[in-house]
Structure formats: C-alpha cells, structure tokens
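Quick note on labels: first sequence line is chain A, next is B, and so on, each numbered from 1.
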Amino acid sequence: MGSLIIAEKANVALRIATSLSEGKVSREKVGSSNVLRFQRDGREYTVLSLRGHIIELDYPEEFSQWKIDNLKDLIRATPVENVKVKGLAYALKKLDQENSEIIVATDFDREGELIGVETLRLMGRRDGVRRARFSALTKYDLVQSFGNLAEVDYNLAASAEARGIIDLMWGAALTRFFSVTTKRLGREFISVGRVQSPTLTILVERENEIRSFVPEKYYELNMVVNGVRFAYEGNPIKSREEAEKLLERLGKDGKVVVLERTEKERTIYRPIPFSTTEFLRDANRIGISVERAMAIAETLYQHGKISYPRTDNTVYPRTVSIKSIIGALSGSYLMKEIEHLTSNSRLIPSRGKVETTDHPPIYPTTPLKKSELKGDYFKIYDLVARRFMATVAENADILDTEYVVEKNGLRFKYTASKALRRGWMDYYPIVYYQEKIDPGFKVGDQPNFSDSKIDEKNTNPPPRFSQGSLIEKMEKELLGTKSTRHEIIQKLYDRGFIEGNPIRVKPLGMAMGESLILNSEAVARPEMTAKLEQEMDQIASGSKKKQEVVEDSRMILTTLLDDLINKADKINEKFYETLRLEKVVGKCPKCGADLIIDYRNDSRFIKCSGPSNDFFQYLPRTGKIEVTDEKCPVCGLFLIKVIRKGERPEMRCVDSKCAYNTSRETFGECPSDGGNLVLRRSRNFTRFIGCSNYPNCKVTLSIPQKADLIPTSKKCEVDGFPIAIFKFGKEQVEQCLNPKCKSRSSKR
DNA sequence: GCAAGGTC
C-alpha cells in the first residue's frame, strides 16, 4: 500500500513527482484522470493532478423555477454539491483503496485547502490523511515539505466553503429577484454578485461624476523663445480680461532676460516584477483586452514560454535565477538588447511591495526566435520578456533644467529635460518619458520671444476607467482575485452592462447600478467583501463556526429580501424609468420630446417617446449609432454617425430615404432594365450593388468590402454599367462597377 | 438561465 498525493494542477503534480522520485516517473490514466507514479525510500507514490475545484454548488431541482415566492426558501436551502468532472468519483474511490496514506498537496491557500477537503470528502476519507505545505515548487522546498507533513486544516477549508455558500446565496437570490421583478428572464437576465456588483457601481459612479462635471474655463499665457514654449508663472489665469491685460503688458514680441537656470536630477524608477494585475494593466496599455491577454498568457504558460500567469507576487524568489534567464534570452530575438543590458546593468532585480511565496512574478521561461510567435501572442511574450529585462536594468536618471525668463515684470518658465542614463527605458515597450530640448541659455542672455498668446482651456472631468485601471482599482478594493478579476470585467460586458475601452456604462448598466445603490446598498459596495474576509479569518482561526457565519449572512439577506419584495413595484418602475432616460439620444424635431433608440426583432429604429409619437426612422442594422447636433443639408433633419469596426465613421441623415444618403448610394441606371443600381447589404452584412427592381431584376455586382464607392454620372462604353470611383485609403481608381467588365480586366 | 473561486 502506497501514498496518494493530491495536486491542484498538472504542473505541480509533475514537479512533485520529479523532485521526490529516486528513479523513473511513469504516467498513467485512472479513469479519465492523469496520475504519475514513482518510488521513494522503497515506497510507492501516486500523484493525482486535479484541475482546480472539483465540486460546484447549486440549488436543488425544486428551485429551478425563478420566482419571488420561493426566494426565502431558496436561501434557507442547502446547496447540492455536484462533481464537476465526470468519472472523477470513480477514480478517487479506486485510488483510495490502493493507498494507505493520502497526502493533500494542493496550493497552500484557502481555496487550495478546500479543494483538498472536497477530494477527501468525495473519497469518504478522514484517516491516514496528511498535508504537504510548500510555497515554492523547487526540489528543496518540496523535499522539505514532504519530510515535514502537517495536518489538513479543516477550519481553513470551512472558511472557503462559507465563502462559496454565501456567494451563491446572495448571487442567486438577488439575480432572481431583480430579473423576475423587471421581467428580464431567459437570456436577458440581469446578474448580481458580491464582486461584479460593486465593480459595476464603481463604473456607474464614475459615469455620474463625468456627467455632472461642469467644465470651468481658464486661461494660459504662453510665449515661444528659441523654439520652446515658456509658460507664465501665474498660470492658470481665471478670467479672459486678466489674461488680456497681462498679454498687453507683455507685448507681441521683443526681448526677454534669462533670470535663472537651475539643474535638478531625478530618477524614474524601473518597474516592479509582473504580478497578474501589473501584467494585465500594461497588456491593456498596448491594446490587448484583459480577457484576451489572460487567455494568451495561459497558452504561453501551457507551452512553457512564460511562468505561471496567476500571481500576486512582485518579488522574484531566490530560486528564480536572473543569470540563467538572461543567459537564455541572449540566444533569442532579444540578443542585442540583452548584450546592451548585461554591459550596462548590475542585474539586481527590482522589488514590489507585495511578496507572496506561492508563485514567482511572471517571467519568460524559454527564449524565442522572432518567427515562433505571431500577432498578439508575440506582443504578450515580448511584453513579459521586456518587463523582465526592465526589472533587472538600472533606474533612469533624468536631468531637468529649469529656465526662468522675465519681461516687463512677468516671469515665464520652461523645463528642458534629458536622460543622463536611459536604463530600463531602453528595453520596455511602453513610453513613460520624453526628452525636452534645451535652448541652452545662460543667465543674463537676452533672447527674442514671439508668438505670445492666450490659450483658452477647460478643466476636465475625471477619466473613464480602462480595463487595466479597473483591474487595478479592483485589486485596491480587494474585489476578486488575480484569477477572476478579468473574468468579472468580461461578465459585465457579456451582460450588456458596459461597452468599449475606456469603459462606458450602457443604459442597462446604469439602470441596474442605480437600482442597486438605491435598494441594495449592501451588495453595491466593496464592504461586503471586506466583511466576508474578516469572517473567513475568524472561521480559519476557529473563533467562529462556518454555520454561524452563513446563518448570520442568511439573516441579513432575508431582511434585505423582505424590504426588496415590499418595494418591488417601485423598483421595477424606477428601473425602466432609468433605462428609458438612459436611452435618450436627442430631442424630437417635431414635438421636442425625448428621442430614443429601440430594437425589435432584427430591426433598429429611432423614435419619439413623447405622447404624440410622431417621429420614427429605421436605423442601419450594423454599427454603433451616435446622434449628432449637425443638421442635414438636404432635408433639415439631423445627421447620425455610424461607427463600424474597421471602417471610417459614416455620417448619414437620420431619414434613410433622404437624398443625402441615397445620392451616395445610387450609382446610375441598370443596363438590364433601367432600374437604379444601389448599394445594399446582404444578410451577413457584406456590401454589394443590386438593382432597385429586385426581385424582378436580379442584377448584382460584388464590390471590394474595403473600398469607399463614390458615384459618377459616367457610363462605361464597353458594357453600359455606371462608372464609380473606388477609394482604397489614399489610392483611388475610376472604373466600371461591373467586376467582369473587359474594360477592367485590362488593368492590373 | 443564478455567484465566485479554482484551472484548461
């Protein structure tokens, strides 16, 4: 009888086996599960690799119908534990019988402890169980850990279990309540959760700050001396009158006197090693979404190109050998930069504030040739490799030179800047610094100035969150984990709450967010997570029982539900009121009431929401619609902007039949029956030219999708089809519309 | 058709 070792993931299982084995490691399948077998001290060991949690909580069958009536029973019900992997229970039973000892070797954290306990429970095992605790996957750490086995911490596991039960309870009850109350069921359901809802609230409140922001005008007085721009020391100036007076006192041109020249050195510190948050933020800065960046990192990790991508650690452990990584990279496409780095740096790595011991920061593990990866995969690998280089490079040293010049008692400043040592900035792909030219004045010089003028400016509202800055904010508020934050953000997109990057909150997100803030403050704020964290610590330390904490949470949720159910009608009303107001895109040109965009089946339209209901226009089926203030030069209605991916934004009259639109889409007479040849879109949205007499006339012409087509009044002499201008970016060709026309085949 | 947490 041997020992069964339970590992949380495949690579850990492999490290354990190769580190402890005294000979061969063999692979096998037990059912559908992967196991590794090896021997040590004459004992037989089997390592089972799991894939994270094996149990998923759900409510019993009887609660499958979403309705308000059973919500309070729902939260009192005990969730069912479903096994996520088919056949795993069988494999565990079998392995249990084969081994006298079980060693839980899952990750050394709360969820890891629970994954271990889930496994034991599924096996029905309580005796002969021990726990290996290790925080690095080196042979040394693993041998130490397996030589000093501890006991399974059932309290720690219970704390994670409480988290699971509470998350499901609140999530399911409130998701159901809001979905049923607003009658958004099926695919349209609206979700509520301990992490996603406070995240949505953060975005909603920022959106409101931006909307209620009143920009204030201010003025700046500037002048140009020797090609650089000097700014008045008294900037910003409150009023235009004051600014005009100063400008008058200064004059249009003439001489200034250089009063001061001061040199100051400063440092731009090299970045800290890549934690998941840092990585995602910078991946987002180079234009890759956090969801995609994480998926690519996972693939690169699976292929051994980079280290484990889910980590909070920002300090390289001693076991990560800087020298050998540098050595490896020197055989890669980064060869030249590495050469430069090794001769200009002491290669002592930077350190961040957070130091954990479970995984190292993200670093490249295999050198690559340029051709090995493409597109975003290359960009992500390159980012990781260059970040590593930046963390072992030297800081950048900057020399700022501040000049003060004077004219008629008015003082102006300019700061030149130059890198004395570029250090890490030579290797990292994100630009943080720009040199500013030095005019080279000495004190007492009297150079000429010109272009003195007043710039009118506006104060700016706070910026929208990007995916990257939102990830950072979530980390700061303790919302989610390194492995889930990007998923939560993606969930908000998928639910139709938010769009774009920088992130804008869509009408549905605003309606939901406002509703949560108003009615369910507890789940709209990060404090719920903070409180849960405290309680989990109490369960782990034994000062509270899991049942107590769950029961407590159940009471609070019951009270909240009572309140919500009482206010259900009002909540519904307010929700749709907000949704309606959020959809307002302008004022009705006929009665002045609000115009809204709405959808039915496949079509999309803009209509008046006022009582008279006298404005209605269909909108193009594709693209994002923005209503503009511009009047249509043809009919006097307003123009809309249609934004489509990969195409230049199109300005259209809101009236689809207005000549403003059709003149650009009508190319001339159809040679077959005299109808009009017009631009159409097929069901899959590709553009083509067709006869207006369709279906009687079936003339269709395919056109290059990337071309802008401009009608002319000319006719082709060869086949009689109209001639149009095909614009490809800056290039353009005037030719027959018919792609099969002989006049075209001669070209190209 | 609900959550968040692991991992692929």
Could you work out which one of [options] sits closest to the side chain of [X]?
{"X": "Leu185(A)", "options": "dA4(B), dA3(B), dG1(B)", "value": "dG1(B)"}
{"X": "Thr481(A)", "options": "dC8(B), dC2(B), dG5(B)", "value": "dG5(B)"}
{"X": "His53(A)", "options": "dC8(B), dG6(B), dA4(B)", "value": "dG6(B)"}
{"X": "Trp66(A)", "options": "dG6(B), dC8(B), dC2(B)", "value": "dC2(B)"}
{"X": "Thr175(A)", "options": "dT7(B), dG6(B), dC2(B)", "value": "dC2(B)"}
{"X": "Glu8(A)", "options": "dA4(B), dT7(B), dC2(B)", "value": "dT7(B)"}
{"X": "Ser191(A)", "options": "dG6(B), dC8(B), dA3(B)", "value": "dA3(B)"}
{"X": "Ile115(A)", "options": "dC8(B), dA3(B), dG6(B)", "value": "dG6(B)"}

- prompt: Does NZ or CZ of Arg184(A) lie under 6.0 Å from the centre of the six-membered ring of Phe178(A), at an angle within 45° of the ring axis?
  reply: no

- request: May I ask you to check if Arg126(A) and Tyr154(A) form a cation-pi contact, with NZ or CZ under 6.0 angstrom from the six-membered ring centre and within 45° of the axis?
  value: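 Yes, a cation-pi geometry.
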
Find the distance [X]:[atom1] to [N]:[atom2] and express it as a whole number of Å.
{"X": "Tyr308(A)", "N": "dG6(B)", "atom1": "OH", "atom2": "P", "value": "9 Å"}
{"X": "Arg51(A)", "N": "dG5(B)", "atom1": "CZ", "atom2": "P", "value": "21 Å"}
{"X": "Lys482(A)", "N": "dG6(B)", "atom1": "NZ", "atom2": "C1'", "value": "9 Å"}
{"X": "Lys9(A)", "N": "dG6(B)", "atom1": "NZ", "atom2": "C1'", "value": "8 Å"}
{"X": "Glu298(A)", "N": "dC8(B)", "atom1": "CD", "atom2": "C1'", "value": "6 Å"}
{"X": "Leu50(A)", "N": "dT7(B)", "atom1": "CG", "atom2": "C1'", "value": "10 Å"}
{"X": "Glu161(A)", "N": "dA3(B)", "atom1": "CD", "atom2": "C1'", "value": "16 Å"}
{"X": "Gln196(A)", "N": "dG5(B)", "atom1": "CD", "atom2": "C1'", "value": "14 Å"}

field: Side-chain donor/acceptor contact of Arg176(A) with base of dC2(B) under 3.5 Å
entry: yes

- prompt: Just wondering, do Trp170(A) and dA3(B) stack (centres under 5.5 Å, planes under 30°)?
  reply: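 No, the aromatic ring of Trp170(A) does not stack with the base.
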
For [N], does either OP1 or OP2 sit under 4.0 Å from a side-chain N or O belonging to [X]?
{"X": "Arg310(A)", "N": "dG6(B)", "result": "no"}
{"X": "Ser483(A)", "N": "dT7(B)", "result": "yes"}
{"X": "Lys84(A)", "N": "dG6(B)", "result": "no"}
{"X": "Arg110(A)", "N": "dG6(B)", "result": "no"}
{"X": "Arg495(A)", "N": "dA3(B)", "result": "yes"}

- request: Begin with the C-alpha distance, continue with both residues' side-chain angles, and end with the deciding distance and a verdict on ring pair (Phe, Tyr, Trp, His ring centres under 6.0 Å) for Phe388(A) and Tyr316(A).
  value: CA-CA 10 Å; Phe388(A) 172 77; Tyr316(A) 298 118; 5.7 Å; yes

query: In terms of side-chain heavy atoms, does Thr529(A) have a donor or acceptor partner in Arg194(A) at a distance below 3.5 Å?
result: yes

field: Given DNA chain B, 5'-ward residue of the pair Lys491(A) and Glu487(A), judged by closest heavy atom
entry: Lys491(A)

query: Which part of the nucleic acid, if any, lies within reach of Ala10(A) when heavy atoms closer than 4.0 Å are counted: base, sugar-phosphate only, or nothing?
result: sugar-phosphate

- request: Among Glu113(A), Glu101(A), Glu151(A), find the one that has a salt bridge (charged side-chain N to carboxylate O under 4.0 Å, His left out) with Arg131(A).
  value: Glu113(A)

- prompt: Less than 4.5 Å apart, any side-chain heavy atom of Ile190(A) and any of Thr175(A)?
  reply: no

